[in-house]
Amino acid sequence: MAFMAAGAAPSSSSAASALMPTRPETSPLQFFHAHAARRALFRSPSRTRRSQLVCSLDATKQAVQEQSPTVKGAAAGRTDCFGVFCTTYDLREEEETKSWKKVVNVALSGAAGMISNHLLFKLASGEVFGPDQPIALRLLGSERSFQALEGVAMELEDSLYPLLREVSIGIDPYEVFEDVEWALLIGAKPRGPGMERADLLNINGQIFAQQGKALNAVASRNVKVLVVGNPCNTNALICLKNAPDLPPKNFHALTRLDENRAKCQLALKAGVFYDMISNMTIWGNHSTTQVPDFLNARIDGKPARQVIRDDKWLMEEFTKTVQKRGGVLIQKWGRSSAASTAVSIGDAIRSLITPTPEGDWFSSAVYTNGNPYGIAEDIVFSMPGRSKGDGDYELVTDVVIDGFLWDRIKKSEAELLAEKRCVMPECMQDDELCEITEDTMLPGEK
Ligand SMILES: NC(=O)C1=CN([C@@H]2O[C@H](COP(=O)(O)OP(=O)(O)OC[C@H]3O[C@@H](n4cnc5c(N)ncnc54)[C@H](OP(=O)(O)O)[C@@H]3O)[C@@H](O)[C@H]2O)C=CC1
Ligand SMILES: O=C([O-])CC(=O)C(=O)O
């Protein structure tokens, strides 16, 4: 494994070129930035060292691949790479001596955004994938964010994380997603003033369709995809529909933040620390129709209702507080949850790569085909799952669903079916229109 580096600014092609639904014949640019080399260079004297240039535009990468691994780059007088970005080395020997796992390739879109700014440092530190798991980070941005991406990469470099073996930045998902084992799709257009919900769905639909196609073409065949950018359930559905060669089961939309918020509210009400709360399910859409399930939740191993003994609070206040937590936070902070979202992304990943504690489960919005609950097929719906720690999961069957819970589940299901009708008109029957009800809100919207 070698590090490759580059550093030219993007040229004039429009931002739209990064969002094209089909693969451009030549990618507008292709940058790979190397990180972590400096510290590594001084750790193992026996390591093979190489210094090499991989600067900027398309042809360069190919040219570099054809070059022998001897000193080039800075030594060759190029100015479009700098410092550690121009250095590369072979870490195989070091990996062997440290008994580290094989490097995991993780891509993030919206990598210059607020959530990523928290998440990247958790990933690089080993907090998410573990202290023996070296990581390569592939950052997807756009022409609009390219300079900011360089800044992010520089901060990662300056953090001297031993596990961070490679950082690359780019604006072409076909490049950035190549061989990735995890794709964290965070970037999405936020709703602007006066923008209809259906317009938002449409714009983001195009982004996630393109990214689905790119994943389908170049990602690892067992890539796990976690969609965070809103409206995340429907974006995940669009993404998986555009990736027919990948297992639909591997696509998730993030509802772990909602799960964490629900656990926090139950802990506060019960007067216990939140590690006492388990079996917390969020059903449905990551929107204000989501259903935080107090019927199956447990507090110190006992049913939450038995401990809290206040059904009115559970049915009304608890449910609303969780559904609208994101909006209240925006009112206070002036921006949406970023740090806690990043934490919850880490939690969601860890839930898939470590065995679920006996008897417990976690929530994730996943493809509904074959679900045991009777929820409509062919949507992405938050449900409870368990994992053996191998990246896969099974939906849990030992849940109780009463009339109250079922009614609410159906409401969230109806909302997701309506979203689907808007973004996939081919799924519409003659009498079905793309109509988004006023209930269809993101948690952060008023
Ligand atoms: N599921 C969940 O629990 C939660 C989801 N979210 C969602 O996560 C997403 C990211 O949030 P956050 O990081 O705070 O947002 P930021 O605004 O900080 O970053 C969003 C990124 O999205 C990218 N983007 C992609 N397409 C567009 C576009 N057409 N217009 C503008 N920006 C675009 C931008 O990067 P670039 O230019 O590089 O493409 C930008 O950096 C949002 O959709 C938010 O609603 C937030 C909290 C919780
Ligand atoms: O609406 C938003 O962008 C924020 C969001 O999803 C949340 O806080 O749950």
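Counting convention: from 1, in listed order, for ligands and their atoms alike.
For A188, a nitrogen or oxygen atom sits less than 3.5 Å from a nitrogen or oxygen atom of ligand 1, counting backbone and side chain alike. At a 3.5 angstrom cut-off on N or O pairs, I115 counts as close to ligand 1. Residue S142 has at least one nitrogen or oxygen atom sitting less than 3.5 Å from a nitrogen or oxygen atom of ligand 1, judged on distance alone. Considering backbone and side-chain atoms together, T341 places no N or O closer than 3.5 Å to any N or O of ligand 1. Looking at ligand 1, you'll find an N or O of S145 within less than 3.5 Å of one of its N or O atoms.
Both the backbone and the side chain of K189 come within 4.0 Å of ligand 1, counting heavy atoms alone. By the criterion of a heavy-atom distance under 4.0 Å, the side chain of H286, and not its backbone, is placed next to ligand 2. At a 4.0 Å heavy-atom cut-off, ligand 1 touches M114 through backbone and side chain alike. Looking at D258 against ligand 2, nothing comes within 4.0 Å, counting heavy atoms. Contacts between T255 and ligand 1, counted as non-hydrogen atom pairs separated by less than 4.0 Å, are absent for every part of the residue. At a heavy-atom cutoff of 4.0 Å, ligand 1 is contacted by the backbone of S337 but not by its side chain. Residue-level proximity to ligand 2 for R261 is carried by the side chain, the only part with a heavy atom below 4.0 angstrom.
Each of the atoms 8 (O) of ligand 2 lies under 4.0 Å from some heavy atom of S337. Applying the 4.0 Å criterion to heavy atoms of C232 picks out, from ligand 1, the atoms 1 (N). Atoms of ligand 1 lying under 4.0 Å from at least one heavy atom of I186, given by number and element, are 8 (O), 9 (C), 10 (C). Residue contact check: G229 has heavy atoms under 4.0 Å from atoms 8 (O), 9 (C), 43 (O) of ligand 1. In the vicinity of G326, heavy-atom distances shorter than 4.0 Å reach the ligand 2 atoms 8 (O). Taking a cut-off of under 4.0 Å to the non-hydrogen atoms of I207, the atoms of ligand 1 that pass are 26 (N). Counting the atoms of ligand 1 from 1 in the order shown, those under 4.0 Å from a heavy atom of G141 are 38 (O).
Classification of K241 and D378 as a salt-bridged pair holds, one side-chain N sitting under 4.0 Å from a carboxylate O. Between K263 and E259 there is a salt bridge, since at least one side-chain N of the basic residue sits less than 4.0 Å from a carboxylate O of the acidic one. The existence of a salt bridge linking R325 and D258 is excluded, since no basic side-chain nitrogen approaches an acidic carboxylate oxygen closer than 4.0 Å.
In this structure, the ring of W406 has its center no less than 6.0 angstrom from the ring center of Y373. The six-membered or imidazole ring of F251 lies away from that of F208, with a centre-to-centre distance of 6.0 Å or more.
Proximity of a side-chain donor or acceptor of N204 to a complementary backbone N or O of N230 within less than 3.5 Å is detected. The main-chain N or O of V400 is found under 3.5 Å from a side-chain atom of N296 such that the two form a donor-acceptor pair. No donor-acceptor pair under 3.5 Å is formed between the side chain of N117 and the backbone N or O of M114.
Heavy-atom separations between Q323 and ligand 2 are all 4.0 Å or longer.
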Decide side-chain contact (heavy atoms from CB on, under 4.5 Å) for F362 and R256; before the verdict, give the C-alpha distance in whole Å, the side-chain angles of both, and the deciding distance to 0.1 Å.
CA-CA 8 Å; F362 57 85; R256 185 53 170 267; 3.6 Å; yes

Verdict with reasoning, E166 to V103, per side-chain contact (heavy atoms from CB on, under 4.5 Å)
CA-CA 9 Å; E166 183 186 333; V103 174; over 6 Å; no

Go through it in stages, so that I can follow the logic: the residues are V128 and K122, the test is side-chain contact (heavy atoms from CB on, under 4.5 Å), and I'd like the CA-CA distance, side-chain angles, deciding distance and then a yes or no.
CA-CA 6 Å; V128 177; K122 294 179 178 301; 4.1 Å; yes

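A donor-acceptor contact closer than 3.5 angstrom links the side chains of D245 and N216.
Cation-pi contact between K249 and Y393: present, with separation from the ring centre below 6.0 Å and deviation from the ring axis of at most 45°.
One option in N117, L140, I203, V228 has a heavy atom closer to atom 5 (C) of ligand 1 than any other, and that option is V228.
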